[in-house]
Amino acid sequence: MFFALSIIFVVLLIIYEMFIDSSQSREKFGFGFIFSSDWEPVKEEFGALTFIYGTVVSSLIALAIALPISIGVAVFLSEIAGKTVGTSIGFLIEILAAIPSIIYGFWGIFVLAPYMRESFQPFLQNYLGFIPLFQGTPFGFGMMTAGIILAIMITPIISSITRDVLKAIPVSQREAAYALGATKWEAIKMALLNAKSGILGATVLGLGRAVGETMAVTMVIGNRAQIKTSLFEPAYSMASVIANEFAEASGQMHISSLIEVGLILFGVTFIINSLARFLIFSVTRKADMK
Amino acid sequence: MRKEDLLFDKKNLRKRKIINTIMLSLCIIAAAMAVVPLIYIFFYTAGAGLTSLNFDFFTALPKPFGEDGGGMVNAIVGTVILIGLGGLFGIPIGILTGIYVSEYSGSLMSNVVKFITDVLSGIPSIVIGIFAYGLIVLPMQRFSALAGGFALGILMIPTVTRITEEMLKLVPQTLREASLALGISRWKTTLRITLRTASSGIITGVLLAIARAAGETAPLLFTSFGNSFWSTSLDQPMASIPVQIFNYAISPYDEWHRKAWAGAFVLISIVFIVNLIVRVVTRNKYSGSV
């Protein structure tokens, strides 16, 4: 059908257009663009390293927090909770996934960031201050806050897919485990081990979402192009630099560089998502065949 | 020690039971942790939004800082127009692609289309914004509602496609066969029988896509931009609720923050109501088909 083909056309057009529009910066900076941390619109010196760093670190923080919680939620929903509780909490979590990111960001500015500045970060500093990650002034706005907001945002995605994957594991396996005298947790652990590639897929999908997330991160990450060890320090991510500077970019080279950042972002999310689809598919296909 | 010995060792059993209790409780705690931010965000937004939500919000134009009152009517109308523009081509393309993927499934082409749809849904919305910028804003030499609508339309496609596909798959195969057996042509069967049977499900998919698009901010920042005046012309910058929230949220004025909270409350209500509708409709659907 013609319209189905138009989707393929649109995606190819996106790639083509971003490739063409970023040609100026690609020609000037080459591969050095990825490894340079200069970003000075006035001197027309551009490099994406600080943004790549910001995106990677904030997403990793998010994963580190969201993954254990999501697995717990998925286990709770599919194995522990009864039908009524399970579906209603499942529904709440679905809504959590549908709340616009601007609202997360807004909430982040007025609730999370002040809380981080006044309570959580000083607390970390008191007890774990010897680790370089938790040193420096607690700004509230910075890498750590961005990571936490992202964690809240990707938990619903990871947990709902993990739940589906867990449900795809045949019940007979768990019954067999019980029959051998396993405790409930041991049976669940076995199911989790069997579902591990699907859970990995869910995680990677969550990662893809975190990497591409724009508004919420922009509003709490602090928007300062720097690479610092401390997680309290403000940072910058690929998506947020585009959001902040694109509309008022100072010249052709600036725009072109921002589009190249967008191209990198596209490439990264493309790879991450393809990987995730493949992993999830490999588990659920087995369940479909059953 | 062999596994058989482990299973019947009394002391070990106690240890295993304790681990069981601990892990299961951790899962319950995780579920609670995932739900708490939702409840917190929801009630915080409701609390902050309801107090500043009044009749003016829906009927008056924004006032410059310092003057009391004012609303967001231009942003509300703007969002409606932008979504209408996007829906105009995003929804048909999405539905037709969904039909293609579901009714012609199995062929190489439909698998490719399915994969591409997944890719499209994984592309960060800000990248779609860059695409619309390059395709429409650059040639027109100014920000316009058209570009914003276009970006939203692209974002709607994958959601609509996926739900259409899922809903069509729920239509019993025998129904199609019965129609084909009566000598009705394939496209007519699809249009009159399959699509009509799945229509309520598809409508919920469309609603879901609209709710998502209503909250999208990132792709609008440099396509439809924003506008503090009344404007309905498509070739001019246009205000929208999320962008307005963003601009108000990062401003230093309390008065504007209150407006932004009201806007956030409106958005969150839309998301909540739509998800509730979807939930009710799909539940009837599933219980009907079992």
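Letters A, B, ... mirror the listed sequences (proteins, then strands); counts begin at 1. Quantities reported herein were computed from a predicted structural model and do not represent experimental measurements.
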S.K.: Give me the atom names and distance for the closest heavy-atom approach of B/Gly134 to A/Glu17.
M.R.: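 Closest approach of B/Gly134 to A/Glu17: CA-OE1, 3.3 Å.
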S.K.: From A/Thr269 OG1 over to B/Ile123 CD1, what is the distance, rounded to the nearest 0.5 angstrom?
M.R.: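 Output value for this atom pair is 7.0 Å.
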S.K.: Most heavy-atom pairs under 4.5 angstrom with chain B, which of A/Ile152, A/Ile93, A/Val111?
M.R.: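 Among the listed options, the one with the most contacts to chain B is A/Val111.
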S.K.: Side chain, backbone, both or neither: which part of A/Thr87 has an atom under 4.5 Å from a heavy atom of chain B?
M.R.: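 For A/Thr87, heavy atoms of backbone and side chain both lie under 4.5 Å from chain B.
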S.K.: Against chain A, label B/Ile268 side chain, backbone, both or neither, depending on which of its atoms sit under 4.5 Å from a heavy atom there.
M.R.: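 Both backbone and side chain of B/Ile268 come within 4.5 Å of chain A.
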S.K.: Of the backbone (N, CA, C, O) and the side chain (C-beta and beyond), which part of B/Tyr44 lies under 4.5 Å from a heavy atom of chain A, both, or neither?
M.R.: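 Only the side chain of B/Tyr44 comes within 4.5 Å of chain A.
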S.K.: Is a donor on one side and an acceptor on the other found under 3.5 Å between the side chain of B/Asn20 and the backbone of A/Trp185?
M.R.: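 The answer is yes, because a donor-acceptor pair under 3.5 Å joins these two groups.
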S.K.: Quick one: of A/Ser70, A/Gly212, A/Gly72, who has the most non-hydrogen atom pairs under 4.5 Å with chain B?
M.R.: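 Of the candidates given, the most pairs with chain B belong to A/Gly72.
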S.K.: Would you mind telling me which of B/Pro37, B/Ala260, B/Ser121, B/Ser125 has the largest number of heavy-atom pairs within less than 4.5 Å of chain A?
M.R.: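 If we count pairs closer than 4.5 Å to chain A, B/Ala260 comes out on top.
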S.K.: Quick one: are B/Leu135 and A/Leu13 in side-chain contact, heavy atoms under 4.5 Å?
M.R.: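 When only atoms from C-beta onward are counted, A/Leu13 and B/Leu135 do touch, with a gap below 4.5 Å.
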S.K.: So what's closer than 4.5 Å to chain A heavy atoms on B/Phe115: side chain, backbone, both or neither?
M.R.: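 Interface part for B/Phe115: side chain.
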S.K.: Tell me, side chain or backbone of A/Val261 under 4.5 Å from chain B's heavy atoms, or both, or neither?
M.R.: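 The answer is neither part of A/Val261.
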S.K.: Check this for me: B/Lys169, atom NZ, are more than 12 non-hydrogen atoms of other residues, nucleotides or ligands nearer than 6.0 Å?
M.R.: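 Atom NZ in B/Lys169 is crowded, with more than 12 foreign heavy atoms closer than 6.0 Å.
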S.K.: Given that the side chain runs from C-beta out, which part of B/Ile22 has a heavy atom under 4.5 Å from chain A: side chain, backbone, both or neither?
M.R.: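 For B/Ile22, neither part sits under 4.5 Å from chain A.
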S.K.: Indicate yes or no: at least one non-hydrogen side-chain atom of B/Ile126 is less than 4.5 angstrom from one of A/Leu265.
M.R.: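 Sidechains of A/Leu265 and B/Ile126: in contact.
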S.K.: Is it the side chain or the backbone of A/Ile80 that comes within 4.5 Å of chain B heavy atoms, both, or neither?
M.R.: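 It is the side chain, since no backbone atom gets that close.
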S.K.: Of the non-hydrogen atoms in A/Phe76 and B/Cys27, which two are nearest, and what is the gap between them?
M.R.: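 Looking at all heavy atoms of both residues, the closest pair is CB-O, 3.9 Å.
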S.K.: First locate atom CG of A/Leu96, then atom CZ of B/Phe42, and finally report the distance between them rounded to the nearest 0.5 Å.
M.R.: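 Atom-to-atom, A/Leu96:CG and B/Phe42:CZ are 12.0 Å apart.
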S.K.: Do you know which two heavy atoms are closest between B/Val127 and A/Met18, and how far apart they sit?
M.R.: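 Looks like CG1-SD, 3.4 Å.
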S.K.: Considering only heavy atoms, which portion of A/Phe91 lies under 4.5 Å from any heavy atom of chain B: side chain, backbone, both, or neither?
M.R.: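 Both parts, heavy atoms under 4.5 Å.
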S.K.: Determine, stepwise, if the pair A/Trp107 / B/Tyr40 fulfils side chain to side chain contact (heavy atoms under 4.5 Å, CB included).
M.R.: CA-CA 10 Å; A/Trp107 181 77; B/Tyr40 192 2; 3.5 Å; yes
S.K.: Quick check for you: among A/Val75, A/Thr214, A/Asn273, which has the greatest number of heavy-atom pairs under 4.5 Å with chain B?
M.R.: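 Sorted descending by pairs with chain B, the first entry is A/Thr214.
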S.K.: Using non-hydrogen atoms only, which part of A/Ile14 is less than 4.5 Å away from chain B: side chain, backbone, both, or neither?
M.R.: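 When you check distances to chain B, atoms from both the backbone and side chain of A/Ile14 fall under 4.5 Å.
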S.K.: Can you measure from CZ (A/Phe106) to NE2 (B/His257) and round to the nearest 0.5 angstrom?
M.R.: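 Atom-to-atom, A/Phe106:CZ and B/His257:NE2 are 6.5 Å apart.
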S.K.: Stepwise, does the side chain to side chain contact (heavy atoms under 4.5 Å, CB included) test hold for A/Ile8 with B/Val112?
M.R.: CA-CA 8 Å; A/Ile8 302 179; B/Val112 171; 4.0 Å; yes
S.K.: For the CE atom on B/Met109, are there more than 12 heavy atoms of other groups (residues, nucleotides or ligands in this structure) within a distance under 6.0 Å?
M.R.: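 For B/Met109, atom CE is crowded (more than 12 foreign heavy atoms under 6.0 Å).
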S.K.: Could you give the distance from CD1 (A/Ile103) to CZ (B/Phe265), rounded to the nearest 0.5 Å?
M.R.: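 Going from the CD1 atom of A/Ile103 to the CZ atom of B/Phe265 covers 10.5 Å.
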S.K.: Quick one: does A/Ile188's side chain get under 4.5 Å of B/Leu24's, heavy atoms only?
M.R.: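 Result yes, sub-4.5 Å side-chain heavy-atom pair found.
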S.K.: Who among B/Leu221, B/Val274, B/Thr223 has the most heavy-atom pairs with chain A under 4.5 Å?
M.R.: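 Among the listed options, the one with the most contacts to chain A is B/Leu221.
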S.K.: Of all heavy-atom pairs between A/Ile99 and B/Val271, which one has the smallest distance, and what is that distance?
M.R.: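 Smallest heavy-atom distance, with atoms named: N-CG1, 4.2 Å.
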S.K.: How close do B/Phe222 and A/Ala243 get, heavy atom to heavy atom, and via which atoms?
M.R.: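 Scanning both residues completely, I find the closest heavy atoms to be CE2-CA, 4.4 Å.
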S.K.: So for atom OH, which belongs to A/Tyr16, do other residues, nucleotides or ligands contribute more than 12 heavy atoms lying within a distance under 6.0 Å?
M.R.: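 For A/Tyr16, atom OH is not crowded (no more than 12 foreign heavy atoms under 6.0 Å).
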S.K.: Roughly how far, to the nearest 0.5 Å, is the NZ atom of B/Lys15 from the OG1 atom of A/Thr183?
M.R.: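 One finds 12.0 Å between OG1 of A/Thr183 and NZ of B/Lys15.
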S.K.: At a heavy-atom distance under 4.5 Å, which candidate from B/Ala48, B/Ala34, B/Gly98 has the highest pair count against chain A?
M.R.: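 The option with the most such pairs is B/Ala34.
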S.K.: Given that the side chain runs from C-beta out, which part of B/Phe143 has a heavy atom under 4.5 Å from chain A: side chain, backbone, both or neither?
M.R.: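 Only the side chain of B/Phe143 comes within 4.5 Å of chain A.
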S.K.: Let me confirm one number: the CE-NZ distance from B/Met23 to A/Lys184, rounded to the nearest 0.5 Å.
M.R.: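 It comes to 14.0 Å.
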S.K.: Given heavy-atom pairs under 4.5 angstrom as the criterion, report whether the side chain, backbone, both or neither of A/Ile242 touches chain B.
M.R.: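 Answer is both: backbone and side chain atoms of A/Ile242 are under 4.5 Å from chain B.
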S.K.: Return yes when atom CZ of A/Arg163 has more than 12 non-hydrogen atoms of other residues, nucleotides or ligands closer than 6.0 Å, and no otherwise.
M.R.: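 For A/Arg163, atom CZ is crowded (more than 12 foreign heavy atoms under 6.0 Å).
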S.K.: Is A/Leu92 in contact with chain B via its backbone, its side chain, both, or neither, using a 4.5 Å heavy-atom distance?
M.R.: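 Looking at A/Leu92, backbone and side chain both touch chain B.
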S.K.: Please rank B/Ile157, B/Ile95, B/Leu276, B/Ile250 by heavy-atom pairs under 4.5 Å with chain A and give me the top one.
M.R.: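 Highest number of pairs under 4.5 Å: B/Leu276.
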S.K.: Using 30° and 60° as the class boundaries, would you call the ring planes of B/Tyr133 and A/Phe246 parallel, tilted or perpendicular?
M.R.: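 Rings of B/Tyr133 and A/Phe246: perpendicular, over 60°.
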S.K.: Tell me which of these, B/Asp118, B/Ile128, B/Ile116, has more heavy-atom pairs under 4.5 Å with chain A than the rest.
M.R.: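 Option with the greatest count: B/Asp118.
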S.K.: Which one, B/Ala264, B/Pro219, B/Gly94, B/Ser110, leads in non-hydrogen pairs under 4.5 Å with chain A?
M.R.: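 Greatest number of close heavy-atom pairs with chain A: B/Ala264.
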S.K.: After noting the C-alpha distance and the side-chain angles of A/Ile102 and B/Leu267, does the key distance pass the side chain to side chain contact (heavy atoms under 4.5 Å, CB included) rule?
M.R.: CA-CA 10 Å; A/Ile102 182 99; B/Leu267 277 187; 4.2 Å; yes
S.K.: List the atom of A/Leu258, the atom of B/Ile130, and the distance in Å for their closest heavy-atom pair.
M.R.: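 So the minimum-distance heavy-atom pair works out to O-CD1, 4.4 Å.
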